[in-house]
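In this text the structure is predicted, and so the values were computed from the model without any measurement.
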Amino acid sequence: MSNSSDSDYNFPVLTDDFSDKSSCSENLLSKLRKTNRILDKIVKFSLDQTHSIDEIIHECTEALCTTLEIERSGVWFYNEEKNELKAADIFLTKSADHHTGTVLKAVNFPEYFTAISSKRAIVANDARTDPRTAEFTETYLKPEDIYSMLDAPIRSGAGLCGVICCETVGTAKQWSEDEIAFVGSVADIIALAFEGNRLREAQQHIFRLAHFDELTGLRNRTSFNEHINVAFDAAISTGAPLYLYLIDLDRFKPVNDQYGHEIGDAILACVGKRLARICARTTDSKAFRLGGDEFACVISGVDEAGAKRFGRKIARYISRIYKVNHKQVQIGASIGCASVPGLVQSKDELLKAADLSMYSIKRNENTTFAFFDKILESSALRSKMLEKDLITAIEQQDFSLYLQPIINAADGNIMGGEVLLRWFNERLEEFISPEIFIPIAEANGLIPQIDHFVLSEAFSLISEWDKRGIEIPFVSVNISPETLMRKNLLSELDKIISGTSAPVDRIKLEVTEGVEMLNENEMSKIFSAIRSRGLKIYIDDFGSGHTGLSYFTSIPVDGIKIDRSLTQNLLTSEKSRIVVTSIVQLAKAMDLEIVIEGIETKEQHHALKAFGAIALQGFYFSHPTSIDDFEAFISKSNEEHTKHVA
């Protein structure tokens with residue numbers, strides 16, 4: 001039997017237009033119609049997302065054998081290196097069996113791998129003499145009594161991913177162009193199914209990364225926010241009680257410091273398992289890890305007595321001894337609970353009430369669980385007073401700036417500083433933490449006014465330093481998405497810029513990763529307008545949400561600041577190291593500047609120096625300091641650098 005000399009087939013599309021009956025017999029017309037019906041059936045089967053990729057492949061191999069009237073057909077996929085083909089399915093007509101697992105290696109069959117990698121069909125009427133398939137003769141063709149082969153490459157969006165192999169047993173076969181076209185069409189269907197499956201797996205992986213905590217397996221903060229929004233609205237509309245528990249571990253930090261992050265992570269994982277076990281045994285309850293040693297549970301369908309029992313059960317389970325790496329460790333928990341309907345009227349109030357309850361436990365060592373009530377409500381009054389104080393402070397610009405140095409990873413020189421806001425409350429005669437007053441400002445729409453104040457002060461500071469000969473390359477200022485959405489943002493910027501002699505290119509605006517939630521086109525316009533004025537834009541807290549670097553291919557930014565959550569386990573978690581390394585490499589490839597925050601140890605600093613031209617920030621170098629102390633830090637750093645150079 002002679003071989004086909006032409007392997008360059010383009011897989012012509014079959015058609016139902018058979019009007020020219022003079023050129024084909026009724027038998028051929030019938031066969032073509034049947035072939036098209038089979039193709040249509042396979043397409044519909046593959047588009048049904050209830051079918052797995054394995055089911056689709058099984059359908060295809062059976063259809064190939066039936067349509068071509070052959071004894072064997074198979075679908076093979078490449079490994080990542082493209083030097084092996086592994087059988088995803090081999091269908092045998094005689095026994096109607098499906099087989100998997102057989103592996104072909106390029107080192108053993110170089111001619112075949114070379115031929116199929118050319119993206120051409122291999123049409124071998126006599127497979128034992130065809131130079132592309134003859135190397136199978138002794139090990140495969142003769143033992144299986146195979147004579148003819150028709151192999152078609154499977155090409156997905158990622159390139160060549162596999163091959164369809166059709167074989168005759170016992171007799172040779174002359175492959176027709178219609179048969180070649182049919183096999184090519186099936187290859188295209190499998191490629192689409194393969195790509196769709198790959199996309200679904202990627203989406204599922206991304207969803208899990210976005211909604212579940214890797215360490216504990218619990219749902220994460222993103223999932224918590226989504227769930228509490230739906231659950232709260234349902235409780236308000238139906239009147240069915242909803243209970244929120246916020247959980248903070250006691251004595252965890254000393255344990256973590258004493259035994260190391262490996263033991264600490266193991267304890268957090270155990271806490272996650274215990275919470276998951278409690279919720280699995282309790283109807284309508286879910287557990288979440290909000291971050292660090294903070295957890296949450298949400299339960300509905302119980303009365304207040306049942307809710308209190310549930311809270312005490314959480315405390316009892318978490319407070320048990322943990323056996324980790326032959327060590328026995330005991331930690332406790334502070335658990336605050338609030339409910340709706342009840343004393344709270346909104347989701348924010350529910351969270352604040354549970355939070356107040358939890359922190360009331362921190363001040364009372366005799367209990368581990370507190371339910372929000374009238375007594376604790378008095379604590380909320382303090383927040384109301386703080387709200388009034390904050391409004392007054394904004395009106396009177398009664399704030400001070402602190403700065404935290406940003407260091408060159410390669411040589412240790414100061415590259416700049418992040419401007420941070422501090423508020424000393426005159427009525428209380430104490431500093432109020434940003435973690436307390438920023439949420440109050442956000443809830444009352446005061447953030448844009450604070451942003452304007454900080455940005456104006458930053459420009460004035462740069463201008464003053466220039467006059468005094470203090471050299472600092474840049475300062476970065478946090479700008480909220482709320483500020484970016486203001487219609488008069490650009491006019492306010494122009495007014496600030498025109499009112500100072502400070503070089504504009506020494507100001508960097510840091511926008512939180514939440515900016516992704518804004519309209520992409522509008523963001524692109526706003527960012528472009530800001531950058532056209534000479535300012536640089538960084539995306540702050542990168543990695544704390546689920547934004548990918550690909551998002552910034554259409555949004556013009558100058559750099560990213562990698563969130564401290566990704567550096568916490570840099571030295572103890574291989575996955576964390578890989579994630580940070582990947583982000584840095586991709587950001588550099590996209591010509592983005594990079595700052596990594598959260599550097600707290602010498603070892604972290606040493607590990608990150610290997611990245612070269614990036615900037616670092618964290619307590620290891622300096623805590624946020626007053627302007628005077630920051631200037632002293634600059635002076636001292638410059639002196640040490642001068643001595644080192646000398």
Side-chain angles (χ1 to χ4, degrees), residues 386 389-408 412-441 446-447 449-480 483 496 499-503 506-510 512 535 538 540-541 561 564 595-601 605 615-642:
L386 283 177
D389 293 345
L390 181 60
I391 293 172
T392 301
I394 291 173
E395 291 173 350
Q396 299 177 357
Q397 297 189 347
D398 191 17
F399 297 98
S400 56
L401 298 188
Y402 272 50
L403 293 105
Q404 186 174 32
I406 298 174
I407 307 298
N408 187 312
N413 289 336
I414 295 179
M415 298 179 67
E418 180 181 359
V419 176
L420 302 166
L421 192 67
R422 294 295 181 264
W423 174 34
F424 184 81
N425 187 301
E426 297 290 347
R427 179 178 62 85
L428 298 175
E429 296 184 343
E430 65 182 29
F431 277 101
I432 307 300
S433 168
E435 294 181 354
I436 295 176
F437 74 78
I438 291 297
I440 295 175
L446 303 173
I447 288 295
Q449 297 176 55
I450 291 177
D451 284 350
H452 185 279
F453 168 78
V454 175
L455 189 58
S456 298
E457 291 296 301
F459 269 101
S460 298
L461 186 60
I462 288 286
S463 180
E464 180 186 345
W465 279 342
D466 277 356
K467 293 176 183 177
R468 292 168 54 195
I470 298 176
E471 297 181 1
I472 185 75
F474 71 86
V475 296
S476 60
V477 179
N478 291 285
I479 296 293
S480 69
T483 297
I496 293 173
T500 179
S501 60
R506 289 169 63 186
I507 297 290
K508 295 182 179 181
L509 302 184
E510 294 186 5
T512 59
L535 289 87
Y538 274 54
D540 194 14
D541 301 331
K561 177 177 277 189
R564 67 181 70 250
V595 179
I596 301 181
E597 61 180 347
I599 313 305
E600 298 183 356
T601 67
H605 179 210
L616 306 177
Q617 180 180 348
F619 293 163
Y620 173 68
F621 306 107
S622 172
H623 284 69
T625 64
S626 66
I627 294 175
D628 289 342
D629 288 342
F630 185 76
E631 291 175 0
F633 185 90
I634 295 172
S635 177
K636 181 180 179 182
S637 178
N638 289 339
E639 289 176 4
E640 291 177 352
H641 180 67
T642 301

Legend entry - Heavy-atom closest pair, residues Phe619 and Glu600: CD1-OE2, 4.3 Å
Legend entry - Closest contact, heavy atoms only, Ile407 versus Phe633: CD1-CE2, 4.4 Å
Inset, instruction - Write down the atom of Ile599, the atom of Ile596, and the distance for their closest heavy-atom approach. - result: CG1-O, 3.8 Å
Legend entry - Donor-acceptor contact present, side-chain Arg506 to main-chain Ile472, <3.5 Å: yes
Legend entry - Non-neighbouring partners of Ser460 that pass side-chain hydrogen bond (donor to acceptor under 3.5 Å, both in side chains), sequence neighbours left out: none
Inset, instruction - Return the set of residues passing salt bridge (Lys or Arg N to Asp or Glu O under 4.0 Å) with Glu430 (not counting sequence neighbours), or none when no residue passes. - result: Arg382
Inset, instruction - Nearest 0.5 Å please: distance from the CD1 atom of Ile634 over to the CG atom of Leu403. - result: 8.0 Å
Legend entry - Counterpart residues, side chain to side chain contact (heavy atoms under 4.5 Å, CB included), relative to Ser480 (two or more places apart): Ile447, Asp451, Glu482, Thr483
Legend entry - Side chain to side chain, Val477 and Glu457, heavy atoms closer than 4.5 Å: no
Inset, instruction - Would you give the length of the straight line joining atom CZ of Phe459 to atom OG of Ser501, rounded to the nearest 0.5 angstrom? - result: 10.5 Å
Inset, instruction - Please name all residues satisfying side-chain hydrogen bond (donor to acceptor under 3.5 Å, both in side chains) with Arg564, sequence neighbours left out, ordered by chain then number. - result: none
Inset, instruction - Give, for atom CG of Leu401 and atom CG of Leu421, the distance between the pair rounded to the nearest 0.5 Å. - result: 6.5 Å
Inset, instruction - Evaluate the side-chain proximity of Val595 to Tyr538: yes if any heavy-atom separation is below 4.5 Å, no if none is. - result: yes
Legend entry - Gap separating the CG atom of Asp541 from the CD atom of Glu597, nearest 0.5 angstrom: 5.5 Å
Legend entry - Results of salt bridge (Lys or Arg N to Asp or Glu O under 4.0 Å) for Arg468 - residues two or more places apart only: Glu464, Glu631
Inset, instruction - Apply ring pair (Phe, Tyr, Trp, His ring centres under 6.0 Å) to Phe621 and list each qualifying residue two or more places apart in sequence or on a separate chain. - result: His605
Legend entry - Partners passing salt bridge (Lys or Arg N to Asp or Glu O under 4.0 Å) against Glu418 (at least two apart in sequence or in another chain): Lys561
Legend entry - Contacts of Thr601 that satisfy side-chain hydrogen bond (donor to acceptor under 3.5 Å, both in side chains) - sequence neighbours left out: none
Inset, instruction - Answer whether the closest heavy-atom distance between the side chains of Ile462 and Thr500 falls below 4.5 Å. - result: no
Inset, instruction - Name the orientation class of the two ring planes belonging to Phe424 and Phe431 (parallel below 30°, tilted from 30 to 60°, perpendicular beyond 60°). - result: perpendicular
Legend entry - Separation of Leu535 CG from Leu509 CG (nearest 0.5 Å): 5.0 Å
Inset, instruction - Using the salt bridge (charged side-chain N to carboxylate O under 4.0 Å, His left out) rule, collect all pairs that involve residues 620-629, keeping only residues at least two apart or in two chains. - result: none
Inset, instruction - Please identify each residue that fulfils side chain to side chain contact (heavy atoms under 4.5 Å, CB included) with Pro434, with sequence neighbours left out. - result: Arg422, Phe437, Ile438
Inset, instruction - Can you tell me which residue pairs pass the side-chain hydrogen bond (donor to acceptor under 3.5 Å, both in side chains) test with a partner in residues 395-407, sequence neighbours excluded? - result: Gln404-Gln617
Inset, instruction - Taking all heavy atoms of Ala502 and all of Ser463, pick out the closest pair and write down the distance. - result: CB-N, 3.7 Å
Inset, instruction - Answer whether the closest heavy-atom distance between the side chains of Trp465 and Val475 falls below 4.5 Å. - result: yes
Legend entry - Qualifying residues under side-chain hydrogen bond (donor to acceptor under 3.5 Å, both in side chains), relative to Ser456, sequence neighbours excluded: none
Legend entry - Nearest-0.5 Å distance that lies between atom CD1 in Ile450 and atom CD1 in Ile479: 11.5 Å
Legend entry - Contact check, side chains of Pro503 and Asp466, non-hydrogen atoms, under 4.5 Å: yes
Inset, instruction - Report yes if the side chains of Ile394 and Phe453 come closer than 4.5 Å at any heavy-atom pair, otherwise no. - result: no
